[in-house]
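This report concerns only the one structure given below.
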Amino acid sequence: MEKKSTKLESILKSIIPSIILMILQICASLFVMGFYFMKFMNSNKFLSYDDFYKKLFKMVQEFSSLPYIYQLYSILGIILMLILIKNKKDFRCNFNISALKGNMIIYLILLGISLQIFTSYVMNICIIFMPEEGKKYIELMENAGMTENIKLSMILYVAFLGPICEELAFRGLTMYYAQRGFSFWTANIIQSVLFGMFHMNVIQGIYAFVLGLAFGYVLNVTGGMLVPIVLHIIFNSTAGIMSLVTEFGNKNPITFCAFLTASMSVIYFTLIHLKKIGKNI
């Protein structure tokens with residue numbers, strides 16, 4: 001069993017998973033872009049420098065490499081995080097599927113949907129007060145192909161690979177390191193802050209921080225690593241449908257307050273019941 005870390009050591013080690021994921025993103029970007037550049041060079045003949053630049057510019061415009069970069073980085077991230085977690089003999093959270101027994105899945109669906117509605121309202125409020133950051137967020141979503149006609153390859157990342165990778169990194173390793181020097185709630189805030197910062201965007205960062213707190217709490221009361229993973233998958237998978245719900249709720253102050261209150265009530269209800277279920281796991 002590893003000895004307890006000092007507060008400074010705990011904070012510094014908590015940053016390690018974020019740094020690892022950022023390095024993996026850079027490596028995945030270089031690999032994918034290099035691969036398609038070599039493919040481009042081998043499949044084209046160039047009559048002049050102008051012809052080369054025109055064809056290269058056309059390829060860049062027509063091809064979006066982001067989905068493939070995200071897929072590669074997340075797969076590498078999952079493998080590396082699992083290896084690092086396996087080496088932690090005192091890692092307290094298990095991967096036992098029995099943590100999902102009984103009504104757990106139903107509560108996770110309710111919690112995932114209500115968190116989606118609640119964080120959507122948080123995001124909309126942030127955009128109102130920070131319009132410039134809102135523009136950056138919308139541009140980011142458009143560049144990532146997350147607005148209209150989302151590609152299947154991007155859906156695979158958003159709904160499956162991304163949640164697994166992020167949960168292993170933040171609610172897994174980051175929380176592990178943070179709790180070696182701090183109490184649960186302090187550790188939960190640390191991992192949530194790092195989770196928000198990792199998204200590299202103020203709007204995303206704010207609602208990712210809120211989500212991090214909820215996911216971390218769920219992990220703590222259930223002790224099962226699969227629980228926040230499934231919750232994150234449900235949250236991301238329902239984004240499209242719930243956006244229609246929040247769009248309807250934004251039509252007037254009455255529906256806005258009603259949807260916001262309902263989502264907060266369901267979040268409170270499900271968290272209380274997950275705590276009760278967690279005691280029996």
Side-chain angles (χ1 to χ4, degrees), residues 14-15 18 21-22 25 66 70 110-148 150 154-155 157-159 162-163 165-167 169-171 174-175 178 185-218 228 231-271:
S14 297
I15 302 172
S18 300
L21 291 187
M22 289 180 183
Q25 283 187 353
L66 279 177
Y70 287 147
L110 289 173
L111 181 57
I113 291 173
S114 55
L115 279 172
Q116 185 64 248
I117 295 173
F118 177 73
T119 53
S120 295
Y121 282 129
V122 170
M123 181 182 66
N124 289 334
I125 292 171
C126 290
I127 290 175
I128 291 172
F129 287 99
M130 295 182 288
E132 289 301 317
E133 294 299 330
K135 290 179 182 178
K136 293 178 183 178
Y137 169 75
I138 293 171
E139 289 177 3
L140 178 66
M141 293 296 101
E142 290 176 346
N143 292 335
M146 299 281 290
T147 50
E148 297 179 359
I150 184 171
M154 200 64 186
I155 293 175
Y157 165 75
V158 172
C165 179
E166 291 177 355
E167 290 308 307
F170 292 97
R171 262 62 67 186
T174 301
M175 180 72 89
W185 276 111
T186 303
N188 199 29
I189 291 172
I190 290 172
Q191 67 86 11
S192 298
V193 169
L194 291 171
F195 184 51
M197 293 174 64
F198 177 74
H199 286 77
M200 304 294 285
N201 177 277
V202 174
I203 302 298
Q204 271 188 305
I206 291 172
Y207 78 73
F209 170 77
V210 175
L211 283 178
L213 290 176
F215 293 163
Y217 178 80
V218 168
L231 176 59
H232 200 153
I233 289 173
I234 293 170
F235 176 87
N236 281 18
S237 300
T238 57
I241 297 174
M242 289 304 104
S243 64
L244 299 176
V245 174
T246 52
E247 185 178 343
F248 174 78
N250 288 336
K251 288 186 176 181
N252 60 71
I254 295 176
T255 54
F256 178 90
C257 292
F259 276 71
L260 181 59
T261 303
S263 65
M264 293 173 67
S265 299
V266 174
I267 290 171
Y268 176 79
F269 169 80
T270 50
L271 289 178

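Shown here are the side chain to side chain contact (heavy atoms under 4.5 Å, CB included) partners of Met197, two or more places apart in sequence or in another chain: Val193. Considering only residues two or more places apart in sequence or on other chains, Ala214 meets the side chain to side chain contact (heavy atoms under 4.5 Å, CB included) condition with Leu115. Residues passing the ring-ring contact (aromatic ring centres under 6.0 Å, His included) test with Phe215 are His232, sequence neighbours excluded. Listed by chain and residue number, Ala159, Ile233 satisfy the side chain to side chain contact (heavy atoms under 4.5 Å, CB included) test with Ser237 (two or more places apart in sequence, or in another chain). Applying the side chain to side chain contact (heavy atoms under 4.5 Å, CB included) test to Ser14 and every residue at least two apart in sequence or in another chain returns Ser10, Thr174, Tyr177, Ala178, Ile190, Leu194. Partners of Phe235 by ring-ring contact (aromatic ring centres under 6.0 Å, His included), not counting sequence neighbours: none found.
Listed by first and then second residue, the side chain to side chain donor-acceptor pair (under 3.5 Å) pairs involving residues 123-137 amount to none (not counting sequence neighbours).
The line from OH of Tyr121 to SG of Cys126 is 14.5 Å long, rounded to the nearest 0.5 Å. Leu231 contributes atom CG, which lies 5.0 Å from atom CG of Leu111 (distance to the nearest 0.5 angstrom). Atom CZ of Phe118 sits about 9.5 Å away from atom CG of Leu211, to the nearest 0.5 Å. In this structure, CZ on Phe170 lies 3.5 Å from OG on Ser18, to the nearest 0.5 angstrom. Note that OH of Tyr217 and OG of Ser192 are 14.0 Å apart. Values are rounded to the nearest 0.5 Å.
Although no hydrogens or angles enter the test, the distance criterion places a donor-acceptor pair under 3.5 Å between the side chain of Gln191 and the main chain of Gly212.
Here the closest heavy-atom approach between residue Gly112 and residue Thr238 is recorded as O-OG1, 4.4 Å. Across all non-hydrogen atoms, the minimal contact from Gly134 to Ile127 is CA-CG1, 3.9 Å. For Glu167 against Pro228, the heavy-atom pair with the smallest separation is OE1-CB, 3.3 Å.
Under a cut-off of 6.0 angstrom, the local environment of CE in Met200 is sparse, with at most 12 non-hydrogen atoms contributed by other residues, nucleotides or ligands.
Put simply, the side chain of Thr119 does not reach to within 4.5 Å of the side chain of Met123, judged on heavy atoms. In this structure the side chain of Met130 reaches within 4.5 angstrom of the side chain of Ile206, judged on heavy atoms.
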Can you check side chain to side chain contact (heavy atoms under 4.5 Å, CB included) on Phe198 and Met22, steps first, answer last? CA-CA 8 Å; Phe198 177 74; Met22 289 180 183; 4.2 Å; yes
May I have the list of side-chain donor-acceptor pairs in residues 262-269 shorter than 3.5 Å, sequence neighbours left out?
residue: Ser263; atom: OG; partner: Phe259; partner atom: O; Å: 3.3
residue: Ser263; atom: OG; partner: Leu260; partner atom: O; Å: 2.8
residue: Ser265; atom: OG; partner: Thr261; partner atom: O; Å: 2.8

